[in-house]
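See structure below.
All heavy atoms count here, side chains included; hydrogens, waters and symmetry mates do not. A note on names: the letters A, B, ... follow the listed sequences, proteins ahead of strands, and every chain is numbered from 1.
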2 protein chains.
Amino acid sequence: MDILPSPQQLRYLIALSEQRHFGRAANVCSVTQSTLSAGILNLERQFDVAILDRTAGKRVVFTPIGEEVIIQAKVALQGLESVRDVIHFVQEPFSSSLRLGIIPTVAPYILPDVIRNIRHNYPKLTLSLHEDLTENLMEKLAIGHLDLLVIAMPCDCSGAETFFLFKDDFFIIMPKDHPLEQFDRIRLDQIEAKEIISLQDGHCLKDQTLDMCRQGQNFKTVSDSHNDFTASSLKTIINMVGIGLGVAFIPKMAIESEIGDRSDIVVRPLDGNPTCRTIGLAWRRNSLRASEFKQFEKVFQNLKI
Amino acid sequence: MDILPSPQQLRYLIALSEQRHFGRAANVCSVTQSTLSAGILNLERQFDVAILDRTAGKRVVFTPIGEEVIIQAKVALQGLESVRDVIHFVQEPFSSSLRLGIIPTVAPYILPDVIRNIRHNYPKLTLSLHEDLTENLMEKLAIGHLDLLVIAMPCDCSGAETFFLFKDDFFIIMPKDHPLEQFDRIRLDQIEAKEIISLQDGHCLKDQTLDMCRQGQNFKTVSDSHNDFTASSLKTIINMVGIGLGVAFIPKMAIESEIGDRSDIVVRPLDGNPTCRTIGLAWRRNSLRASEFKQFEKVFQNLKI
DNA sequence: AATAAATGATTGAAAAAATCGATGGACATT
DNA sequence: AATGTCCATCGATTTTTTCAATCATTTATT
């Protein structure tokens with residue numbers, strides 16, 4: 001016995017499970033009702049299994065085994081589609097659509113250049129953008145609502161395949177006339193935990209700077225709620241620093257556009273290891289477009305940051 | 001465009017990739033060479049893709065895209081087989097073959113009972129047994145050489161789905177007239193690291209007892225090579241203890257059969273938390289037989305341990 | 001209770017496909 | 001140049017898929 005279900009049979013079954021109606025399901029499959037009905041019956045006869053519960057009057061009700069078969073049928077059909085898709089993606093990369101996710105602490109600073117580069121390099125690519133926190137992006141990636149992410153590491157990216165792009169140094173900013181202003185470089189242990197202003201929970205940049213501090217020599221503990229300010233954007237943080245509420249860590253890519261030549265804020269590089277985050281790409285494991293995505297590296301080179 | 005590859009086409013392609021010869025591949029598929037040749041050509045024409053490199057003389061050489069297609073074809077065919085198999089496994093559980101992996105520190109003590117229970121409860125099941133270290137079992141499970149594992153946790157079982165069976169307490173054994181003999185229960189901090197005899201590397205029981213010791217209050221560090229004895233079975237360890245070379249941790253299930261009423265060895269329960277390992281089942285994630293395997297729980301109840 | 005409407009199953013003919021056996025042409029070896 | 005191996009092609013045959021029409025059963029309406 002080596003008979004396998006045919007792609008049509010699977011399509012008929014899945015359409016029926018979605019429509020719960022032979023006529024509509026047949027319509028979805030662009031066949032007549034009799035064809036779809038016969039297809040389902042063939043499937044049942046070939047494998048000697050009751051997929052539909054025909055005691056349930058005329059409503060479409062699946063047996064428990066039927067439900068299991070439907071689940072596997074979806075997986076199998078996906079596999080068949082992958083065969084078709086891999087041909088398309090390998091043969092004609094950069095010619096379909098790309099749903100790109102990007103985190104809020106990166107998006108404003110590289111997106112203009114990135115979009116320009118993509119439009120220039122891959123004019124056939126239909127781009128759609130989604131800005132959200134890492135956790136939400138990862139979720140959307142996993143369920144197939146997004147194709148590719150731009151994230152900052154370290155972060156929880158288990159389940160996704162990641163690809164290094166570049167490093168982004170952290171700087172410390174402080175109000176003018178702050179005691180630390182006299183130093184050219186600031187060591188992490190010179191900074192007082194309680195005067196640090198950071199982003200709201202969920203932003204990976206907050207976790208990254210906190211980790212950095214914890215690893216700093218004299219920084220024993222950094223409380224999660226060391227002050228009452230919460231900000232959801234770097235712009236707000238910078239304004240808080242500007243009016244003297246504390247100091248903050250800002251990634252290099254944000255400095256020029258957010259601070260520019262403000263005279264009320266002083267920027268200093270950090271001493272310590274590591275004092276940067278890593279910007280990278282992430283995609284679903286086993287994505288058919290992995291090789292396409294890797295080539296996106298060049299879109300992220302020569303950015304003005 | 002909504003055409004999908006047919007199961008035959010995929011089979012032909014995979015056979016060809018394995019045989020690298022149209023005639024032999026056709027034989028494997030039980031069709032004529034012309035059929036297989038036409039099938040491959042149809043696949044190429046339907047998707048407008050060059051799978052074979054026909055400039056390569058008469059040898060069967062695949063294009064880079066062809067190799068990608070083959071990879072996806074294998075996945076897709078697997079999916080189709082799953083649809084067939086899920087019917088079989090759900091409709092007639094416990095009637096096919098079961099390749100069971102089991103670790104060396106569990107196998108001798110429960111296997112006789114387990115086999116008897118399986119034979120009694122599931123006489124149609126064809127059982128094959130494989131005793132090996134956890135790491136090797138997990139590898140064989142992942143590549144499909146085994147169906148189900150009996151393992152002891154904690155251990156590295158990422159990638160597999162696990163199922164709790166029962167807990168198995170650790171006891172400490174020592175030679176007669178050992179200083180600790182006077183105590184009814186032994187606290188972990190009463191034991192000297194350097195007199196502990198443990199199994200060779202790779203046995204999860206070694207790691208589990210070591211972890212237990214590390215978590216013990218006064219046990220700062222437990223060297224991995226605290227003495228020169230290495231054993232590959234609990235029986236050998238017990239003999240070592242018997243001649244006064246040290247003390248050892250032994251799981252409850254091993255005590256009766258391995259120690260019985262030996263007068264040269266003293267067995268004592270442990271104080272501490274946790275002082276046990278967990279015996280459980282493991283199978284491939286998304287295994288079609290998950291529900292079948294879960295019912296195996298009853299095979300592991302009422303063991304004489 | 002009778003009737004109408006809706007739904008899934010069945011049937012038989014037509015269309016599409018898969019397969020086979022025979023044959024042809026390219027290539028490598030001798 | 002002859003030979004054998006190998007894959008592609010062709011026409012005939014078989015198998016599968018599909019459709020349109022119709023049947024049988026259930027549900028809703030009168």
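For D:dA20, the base has a donor-acceptor partner in the side chain of A:S34 [N/O atoms by modelled type, under 3.5 angstrom].
Applying the 4.0 Å criterion to OP1 and OP2 of D:dA8, one finds that B:S37 has a side-chain N or O inside that range. Applying the 4.0 Å criterion to OP1 and OP2 of C:dG21, one finds that B:Q33 has every side-chain N and O outside that range. OP1 or OP2 of C:dA18 has not a single side-chain nitrogen or oxygen of B:T35 nearer than 4.0 Å.
Aromatic rings from B:F163 and B:F296 are positioned such that their centres are separated by 6.0 Å or more.
The environment of CG in A:N286 is sparse: at most 12 heavy-atom neighbours from other residues, nucleotides or ligands sit within 6.0 Å. More than 12 heavy atoms of other residues, nucleotides or ligands lie within 6.0 Å of CD in B:Q200, so this atom counts as buried by the packing criterion.
Summarising the geometry, the separation between CD1 on A:I51 and C1' on C:dA9 is reported as 16 Å, rounded to the nearest angstrom. Rounding to whole angstrom units, CD1 of residue B:I40 and C1' of C:dA18 are separated by 14 Å. Rounded to a whole Å, the CG atom of A:L52 is 16 Å from the C1' atom of D:dT25. Distance, A:Q9 CD to C:dA17 P: 16 Å, rounded to whole Å. Residue B:N42 contributes atom CG, which lies 7 Å from atom P of C:dA18 at whole-angstrom precision. Straight-line distance from the CG atom of A:L41 to the P atom of C:dT11: 11 Å, rounded to whole Å. Distance, B:L36 CG to D:dC7 P: 10 Å, rounded to whole Å.
Using a 4.0 Å cut-off on heavy atoms, the residues of residues 11-27 of chain A that approach DNA chain C are A:H21, A:F22, A:G23, listed by number.
Using modelled atom types and a 3.5 Å distance limit, the side chains of A:D156 and A:S158 yield a donor-acceptor pair. A side-chain donor-acceptor contact under 3.5 Å links A:S96 and A:R289. For the residue pair A:S37/A:S34, the side-chain donor-acceptor check at 3.5 Å is not satisfied.
For the pairing with A:F293, the ring pair (Phe, Tyr, Trp, His ring centres under 6.0 Å) check across A:W283, A:F89, A:F300, A:Y122 returns one residue only, A:W283.
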